[in-house]
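Letters go in sequence order (proteins before strands), and every chain restarts at 1.
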Amino acid sequence: MSSSSAIQAVRGMNDVLPDEIAYWQHIETIWRRLMTQYAYQEIRFPLVEAASLFQRSVGETSDIVEKETYTFADRNGDLLTLRPEGTAVCVRALVQHSVLQQQPVQRLWYMGPMFRHERPQKGRYRQFHQLGLEAFGMHGAAIEAEILLLTTRLWQELGLSALFKLQINSLGTPGTRAAYRAALVAYFTQHHAQLDEDSQRRLDKNPLRILDSKNPAMTAVLQNVPQMTDYLDEVARAQLNQLCAYLDKAGIAYEINSRLVRGLDYYTGLVFEWVTEHLGAQATVCGGGRYDNLVAELGGPASEAVGFSIGMERLILLLQAQQNLSSPVPDVYLLNVGELAEQNALKLAEDLRLALPDLSLLVHCGGGGFKSQFKKADKSGAKIALILGDDEAKQTTVTVKYLREEREQVTVPQYEMVEFFKKELGLRIED
RNA sequence: GUGGCCGUAGCUCAGCUGGUAGAGUGCCUGACUGUGACUCAGGUUGUCGUGGGUUCGAGCCCCAUCGGUCACCCCA
């Protein structure tokens with residue numbers, strides 16, 4: 001433990017050190033490739049927004065806005081909020097720039113940190129990272145199926161398919177949702193005595209949320225609760241069936257969970273979650289749904305929309321449990337001992353890097369004898385130690401020593417090194 | 001915001017019913033003065049998270065506080 005005077009990171013905000021970075025980059029690389037394959041475009045937007053954006057979109061009564069946002073006054077008194085999620089910000093950006101008027105159909109993705117002031121626990125932090133995707137201007141189940149196929153592909157590419165289950169539900173239209181909500185309130189009011197403390201509180205605020213209570217004492221009441229699917233109108237039911245047909249055809253297993261609700265107010269129609277049993281209490285790695293009214297509510301043209309977000313940290317926990325990724329190591333560690341060698345090492349390295357763009361070459365800096373430089377070469381993980389001592393420097397040669405295999409070391413003229421590495425490491429040469 | 005568990009060397013941890021700190025690993029040096037990884041020998045590190053209390057005496061007991069972790073609420 002470090003001394004008490006050292007400054008630490010803010011609670012719930014984590015550093016990602018180099019030995020962990022391979023997992024992030026692996027996911028990001030696959031994600032970018034997928035997004036290109038499916039023809040989604042990246043969008044970037046600020047971390048800080050007007051506080052009112054989230055009150056109007058995520059919902060004033062939602063816990064996220066009520067007690068979990070980082071909200072503070074700017075120097076001029078404006079209330080600002082560190083974004084707790086991406087969807088509302090994405091919509092704000094599209095509305096502000098009139099993007100949907102010019103091109104109503106949009107397939108977009110984003111990636112970056114989000115902020116919620118909650119107590120940290122496994123897979124949940126105050127600054128966390130989401131991969132998100134939003135598709136605009138498309139009605140029907142096809143686009144819904146597309147994004148579920150796409151997430152399925154992502155799990156496959158990451159080798160995590162076996163860990164995930166897909167749950168889907170439909171929240172219906174605003175009309176049917178209100179009717180269902182009324183029925184729920186009536187039911188729960190009738191059984192008020194059986195509700196736990198949390199659920200009693202939720203009864204007037206957000207009765208839908210009582211449905212996914214984790215309290216075992218609530219299972220009895222929830223057993224006979226009115227089913228959301230019974231309240232869907234024809235259109236919503238047909239669309240859910242159509243989505244199921246698409247998923248069946250693609251061979252994607254799913255479960256219709258009529259108690260699946262989501263905490264953000266803007267959802268309409270489809271909601272879904274990819275859940276896992278391998279992350280303790282944090283089952284949801286990817287959650288999303290349709291939000292056909294949000295664009296208009298934020299001042300844009302009426303526009304249907306569907307999207308989801310993935311919790312990066314949660315995905316990484318799964319990935320780490322599944323496979324070991326190590327950070328890349330240099331191909332070559334260039335030792336230089338002696339005055340003449342030290343003077344020539346950087347130039348030699350520059351020439352090699354220029355000619356061999358794929359070569360990862362680490363030049364030893366900071367002096368030291370052969371022994372200590374070799375120790376560092378070994379620890380760097382490099383396959384090859386390139387030795388530039390005074391003898392080599394005088395003769396414009398360099399000695400190649402193999403650190404990971406039993407082979408004689410060889411001394412080679414410096415002008416032959418490009419060709420040597422090309423053969424030895426299978427590298428391409430810059431023309 | 002609420003609750004359980006945990007804070008001893010850079011890391012992983014040991015430390016008896018209270019008697020003023022230890023191992024492994026890492027790191028540095030040497031054996032091998034131009035050769036790592038293996039072996040051997042030496043060296044190196046702590047306000048025992050912090051503050052207070054009890055005691056002749058606290059790493060150990062008590063209180064507070066901070067941090068970590070897991071869970072609740074909520075969510076990715």
Starting at [atom1] of [X] and ending at [atom2] of [N], how long is that distance when rounded to a whole Å?
X: A/E118; N: B/G3; atom1: CD; atom2: C1'; answer: 17 Å
X: A/R11; N: B/U65; atom1: CZ; atom2: C1'; answer: 12 Å
X: A/D198; N: B/G3; atom1: CG; atom2: P; answer: 14 Å
X: A/D19; N: B/C11; atom1: CG; atom2: C1'; answer: 12 Å
X: A/F128; N: B/C74; atom1: CZ; atom2: C1'; answer: 11 Å
X: A/N14; N: B/U69; atom1: CG; atom2: P; answer: 7 Å
X: A/E20; N: B/C11; atom1: CD; atom2: C1'; answer: 15 Å
X: A/Q8; N: B/U65; atom1: CD; atom2: C1'; answer: 14 Å

Looking at A/R116, does any N or O in its side chain come under 4.0 Å of the phosphate oxygens OP1/OP2 on B/C74?
->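 Negative; the distance criterion is not met.
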Please report the closest heavy-atom contact between A/S170 and A/L240, naming both atoms and the distance.
->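 Result for this residue pair: CB-CD2, 4.1 Å.
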So what is the 5' to 3' dot-bracket string for RNA chain B, if pairs are Watson-Crick or G-U wobble with both distances under 3.5 Å, crossing pairs use [ ] and | means the partner sits on another strand?
-> (((((((..((((.....[..))))((((((.......))))))....(((((..]....))))))))))))....
[X] with [Y]: basic N within carboxylate O range, under 4.0 Å:
X: A/E197; Y: A/R201; result: no
X: A/E255; Y: A/K165; result: no
X: A/R126; Y: A/E118; result: no
X: A/R32; Y: A/E42; result: yes

Under 4.0 angstrom, heavy atoms only, what part of the nucleic acid is [X] near: base, sugar-phosphate, or nothing?
X: A/G123; answer: base
X: A/V337; answer: nothing
X: A/Y333; answer: nothing

Side chain to side chain donor-acceptor pair (under 3.5 Å) involving A/Y180 - partner list, sequence neighbours excluded |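 Testing A/Y180 for side chain to side chain donor-acceptor pair (under 3.5 Å), a comparison that skips the adjacent residues, returns none.
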Could you pull out all residues at least two apart from A/N14 that satisfy side chain to side chain donor-acceptor pair (under 3.5 Å)?
->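 A/N14 satisfies side chain to side chain donor-acceptor pair (under 3.5 Å) with no other residue.
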Over 60° means perpendicular and under 30° means parallel, so classify the ring planes of A/Y333 and A/H364, tilted if in between.
->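 Ring orientation, 0 to 90° scale: tilted.
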Give me the distance, rounded to whole Å, that separates [N] from [M] when you measure between the [atom1] atoms they each carry.
N: B/G43; M: B/C48; atom1: C1'; value: 24 Å
N: B/C66; M: B/C27; atom1: C1'; value: 30 Å
N: B/G24; M: B/A9; atom1: C1'; value: 12 Å
N: B/U25; M: B/G57; atom1: C1'; value: 34 Å
N: B/U8; M: B/C61; atom1: P; value: 15 Å
N: B/G22; M: B/A64; atom1: C1'; value: 30 Å
N: B/U45; M: B/C28; atom1: P; value: 16 Å
N: B/A23; M: B/A31; atom1: P; value: 26 Å

Determine, for nucleotides 31-36 of chain B in 5'-to-3' order, which nucleotides have protein heavy atoms under 4.0 Å from the base (write B), from only the sugar-phosphate (write S), or from neither (write -).
-> -B-BBB
5'-most by nearest nucleotide on RNA chain B - A/Y125 or A/P120 |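 First, find each residue's nearest nucleotide; the 5'-ward one identifies A/P120.
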Mapping A/G12 and A/N215 to their closest nucleotides on RNA chain B, which lands nearer the 5' end?
->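 With A/G12 and A/N215 compared, the 5'-side residue is A/G12.
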Report the nucleotide, chosen from B/G67, B/A76, B/C72, that has the shortest atom-to-atom distance to any side-chain atom of A/Q121.
->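 My answer, after comparing the listed nucleotides, is B/C72.
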Mind checking salt bridge (Lys or Arg N to Asp or Glu O under 4.0 Å) for A/D351 and listing every partner two or more places apart, or none if nothing turns up?
->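 If we apply the salt bridge (Lys or Arg N to Asp or Glu O under 4.0 Å) test to A/D351, skipping adjacent residues, the hits are A/K347.
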Please tabulate, for the side chains in residues 418-426 of chain A, all donor-acceptor contacts under 3.5 angstrom to protein atoms that are two or more places apart in sequence or on a different chain.
{"residue": "A/E424", "atom": "OE2", "partner": "A/Y402", "partner atom": "OH", "Å": "3.3"}
{"residue": "A/E424", "atom": "OE2", "partner": "A/R407", "partner atom": "NH1", "Å": "2.7"}
{"residue": "A/E424", "atom": "OE2", "partner": "A/R407", "partner atom": "NH2", "Å": "3.2"}

Does the ring center of A/H191 lie less than 6.0 Å from the ring center of A/Y187?
->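 When the ring centroids of A/H191 and A/Y187 are compared, they turn out to be within the sub-6.0 Å range.
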Looking at B/C73, does its base get a donor-acceptor pair with the side chain of A/R119 below 3.5 Å?
->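 Donor-acceptor pair under 3.5 Å: no.
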